[in-house]
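This report concerns only the one structure given below.
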Amino acid sequence: MDAVTILDLELPRGSFHLGPLTLAVARGSRTAIVGPSGSGKTTLLRCLAGFERPTRGTIHIGEHTVVDARTCLPPDRRGVGFVFQDGALWPHLSALQHLTFAAPGLGKDAARALLARGGLGHLADRKPDTISGGEAQRLGLLRALAANPRVLLLDEPLRSVDVHRRDELVLLIRSLVDERGLTMVLVTHDRDEALALADDLVVMHDGKLVERGPALTLLQQPRTAFAAAFLGAAACLPTTDRGTAIETPLGTFRRPNGTTGDLLLCVMPGDATATAATADLPAGKVLACTPAAGAFSLRVAFAGQIVQATAAAPHHAGAMVSVALQATPRLLPWSNPSVPSA
Amino acid sequence: MKSLRLASLCWLLLLAGCGGDAPANPNGTAAAKTPLVYCALDQQFSEPLLRQFGQELGVEVRTQFDSEAAKTIGLVSAILEEQKAPRCDVFWNNELAHTVRLAQMGLLQPYDSPAAADVPAQWRDPGKRWTAFAARARVLIVNTELLPDPKDWPSSYQDLADPKWQGRCAVAKPLTGTTLTHFTALRKKLGDDEFNRFVDQLFANDVKFLQSNGATMRETVAGKVAWAFTDTDDYHVAKTKGHKVACVFPDQHDGGIGTMLIPNSCGIVTGAPDLEHAKALVDRIVSKQTEALLAAAAGAQIPLRAGVPGPKDTGIKPIDGFRAMDWDIPGTASALAQYSADFGKRFGL
Amino acid sequence: MTFARRLADLLHRLPVVLALLFLALFALLPLGVLAWQTIAGPDGLTLQAWRELPADEHLLTRMFASLRLGLAATVISLLLGGGHTWLCLGRELPGARLLLPLGVAPLVLPPIFVAMGFADLGDMSGFWPCAWLLGICHAPFVAVQAARGLRAIDGRAYEAAWLLRGRVRAELWLLRAILPELLAGCLLAFLFTVADHGVPEFLTVKGKTWHTYAEGIFARWNRRAVGTTFADLQSPIVAALPFIGALGLLLWAALRLRGKAPDRGVARPLPIRPLGVWRWPALLLPLGYLAAGVGVPLYVLACWTAGSAQKAEPMSLRFVQRSFAKAIDQCLPDLLHSLWLAIGVALVVLLLAVPLARTAARRRPGLELLCALPAAVPAILLGIGLVRAFFDAAPLRALGGDFYAGWGFAVCGYGARFLPFAALTLAAQVRRQPVAAEEAAALVQRSATARALRIHLPPLLPAMWSAAVLVFVLALRELDLAVVLPAANATAVRRLANAVHFQHEDYSGVIALLLLLAAVLVPLIPSLLAGRRLRSLS
């Protein structure tokens, strides 16, 4: 049985409309819901936690129906833990009190042990305003885990943590989640955060699911230009429809079988090469040049986008280079909301 | 700093300690059968007396005093409002007309207090519903710095209309209190036509119409007017504060209408919850002793009983030292409402 | 759901329900009763009282006078209160750090004290003296709101404006940025000015010959004793209800304006802005404001106790001793009654305001206006409504004794009047608390009551203390309700008002000073006990 099942969930909020969306998260999996700000990912997570009540749809957590037409269980009865973006600690309670209050059955010794497990043993009596951002986020994590939830929900947990402390927190989250065999659902707009913590990715855009699948698959073979751009830092170049052919700034290609409508040419890093500008090839201006594995990686302003191209020789910023596609062209639709639930 | 802190704390603790069984307060604790007195006389003078009466009776007397802002008719209004479920037992008014009016409306009940037997008959209700005692007189307060020669002083209510005093004299608006009673009685006495002519003359003479007798006294003391109508208690306040003022009992000349006396009055409210104590309290309130005490107090009230000593060294005459105006008490009371409405229109609220 | 859990959840909702019930009973019911009585004539329903309203020639004059007074006093409040904060917050004004929190000090003094002080020094019967008095008394509303606005400005935004457009334009930009707060403060000052009865009435006694609308209402209320017709008797209420409607609208506007200026997260406070050669002359405004709002009244009251109001003997320490002896002899029970009343009101209001504020801030924003409604009702009228609704209320009789005339009823009446101030203060504070921390608590498997006590309330404690202090001070100085409610008959401030009317300035001064001492000392108890450095109550 899936740990979390969402069916036809909808929540209108002014001009924004979340859903309808359907999603299942397997027990023990680590899933990251990614998307730009305003895509509805946090609202979805809040619906799971019980902070928002959807107007339609059902949510099952484990064997329990937590939301349907008649039911909307309060957050404390859903068996979920929640790690907030900025810790959301209780300013007047010590670290130890955070855990003992969060888990009514947890004794002080067990709470101290949990703090020690999270590397906060020495801060048991300290209040939030006297600890660092990273420590606060650890405490938030331990608080969420103290009551032994079945599902752990995380809302951009690394965002308020210093860059050099993020790895420690990533390791802690992964080890604790693994130890406890928890199902984890994370939302973030940071691709690196998603890849560091999750195995499965769900891409959201404008309140809808765009694409989902294992992280590696989505990174290598995105099925939408949106996912390619968001996850793979692809440059999405405009195209012109010529019937069976598609005209792009990098040449004209045959329309892929089974596709209809507008397509974009997605150029992911490594898909294009750059050489000194010649008259017969489309050219762009070099913005930056960095060495990369025996070659050079160029950021090239091209057709109104920034294309990451590989070059054999260095080119200084401002130089004109010709860009050519060396991989199979990725002609993808911008988004495809009708992604089947996995 | 530390000692200051300690002292402040001690002060607060002292206050809290003094509170004793607070939040109970003299008004709030209503044990069974404790009389409630509505009192319009200045709290400073009446409260110690009522406390003393309570001690004599062995009962806690609850009191409710009028606010000066309500111009002494707040309690009359309260009795009117509460007539369906009376709370008050004894009404001690600082004037007479409204008490008589309440009696006429059936809101006071008869009680023939033995203590009132020696009060002159004109100051007792034939129906025994009220008794008057300890009066204030409606007098003229004169600024003796502006008018040092007594020959120049005004001597009659008619001086208000004398062009000689144009813009230099004052009287309270006759909307509430003693001035309302005074003007109502005057209108009854003079008749509508003459009274209206008189009022027209007042307006023509730029008489200052102020909000209270206290205000007329203050304007006189401040020299903004040379003289004004006021009550003897207000005059006495100015006198004891050392201001250069004199008191004129008006209309004492031959054929004059005399000086108006406005006594305190007292009665038992119809349906009084604690009738027994109410009667005992009335006996004390209208007694000779109370009159004497009120005469000696800063209010300098004039005892109505000839034998009771009046205010001393104040310039306020005893009851047999001047000619009092003979006014139609029941007629004034019954005309009060209508005339008050008329005055409201004429003088502005 | 277990029974215990259901019970706990029910208990959790109970405070809000009780608070709403309280509002309904002690604020809405009195108004409803008043409104009903204006149409319930002796011979059935009638609009006679309403029809006669326009015929009253004084009414329009007084309404106009009140509006003029409100506008004039508000401009003065803006100049004094707004100017005080403008010069003291983030400026290199000498002593600014000390002066800034003192901006609220005039709020501690009942307006009538200020009026008494100035009336002693000169003729205050004109329009502008009255406007100045009320402007001074209500300037703290503008001062506090302006401070709130300035503190919410991101210093970097000011610096950006300064860099781009120069200092004068940057200052103008700053002024514009805090305009919503300034307007909210001005509206509050206007509201309190036009609703005030005590000061205009006092000045009338002192010779003022023009009258305000609130005075008219009270005069009509008093004249009910000699009222001859139904319309006459109902006229004060009929005249007042449209007034309340107008004040309610103003309040709604003030709340909207305040809501439009929510507490912004401030990355950096405003930089200290130089005043240059104006730093010393500029000091005159805050000093003048504090001298007028606090110094003059205190000086005059102190002089009264020493015998300045009489000429029979020179001022002396012996006179002071006599004044104190007289005051203690006559007024100590009243002073204690006032203290207990104010403490009771503060406690009751706090208990009611917390659930209301939380509900208004988190779930039902409309509730805020409902909570604020009593603030739009002149206290005199609220008192009249309470008297009419409760003097013969059977449920109160069932409570035993003369509850109507007792401490409990006074606490309820005062509570209804001051609930808005506490509820609005606390609602603002709840909004400042991060929602996420409360959501984190919502995930915890504990009863709602436990969550409220352990998580929701502790961060509110400082604001609760501030609100309690505010209510305590306001209750201690409340005159208008004390004049009408029999239950508040024995308060020191009413005794004081009467004593001043009866020319007993000597012990009036003492009562006033003792009241002020209590108003300052009681709120400082925690600091006194803990021995901590005193911090601004603003």
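Chain identifiers are assigned alphabetically (A, B, ...) following the order of the sequence lines, protein sequences preceding nucleic acid strands; residue numbering begins at 1 within each chain.
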_Which atom of A/P104 lies closest to which atom of C/Q445, heavy atoms considered_ = CG-O, 3.2 Å
*Look up atom CZ in C/R454 and atom OG1 in A/T100, then write down how far apart they are to the nearest 0.5 Å.*
6.5 Å
*Please determine, among A/G140, A/A103, A/P75, the option with the most heavy-atom pairs under 4.5 Å with chain C.*
A/P75
*asked:* Is A/R78 in contact with chain C via its backbone, its side chain, both, or neither, using a 4.5 Å heavy-atom distance?
replied: neither
*Under a 4.5 Å heavy-atom cut-off, does chain C meet the side chain of A/V80, its backbone, both or neither?*
both
*What are the two closest heavy atoms between C/A436 and A/A88, and how far apart are they?*
CB-CB, 3.4 Å
_Minimum heavy-atom separation for C/I455 and A/L93, please, with both atom names._
CD1-CD1, 3.8 Å
_Do C/E439 and A/F84 make a side-chain contact, defined as non-hydrogen atoms from C-beta onward lying under 4.5 Å apart?_
yes
*Would you indicate whether A/R126, at its atom CZ, is surrounded by more than 12 heavy atoms from other residues, nucleotides or ligands within a distance under 6.0 Å?*
yes
*List the atom of A/L89, the atom of C/A437, and the distance in Å for their closest heavy-atom pair.*
O-CB, 3.8 Å
*Find out whether C/L461 and A/H92 are in side-chain contact, i.e. whether some heavy atom of one side chain is under 4.5 Å from a heavy atom of the other.*
no
*To the nearest 0.5 Å, tell me how far A/F51 CZ sits from C/E438 CD.*
11.0 Å
*Taking all heavy atoms of A/F82 and all of C/L443, pick out the closest pair and write down the distance.*
CB-CD1, 3.2 Å
_Residue part contacting chain C, namely of A/A147, when any heavy atom lies under 4.5 Å_ = neither
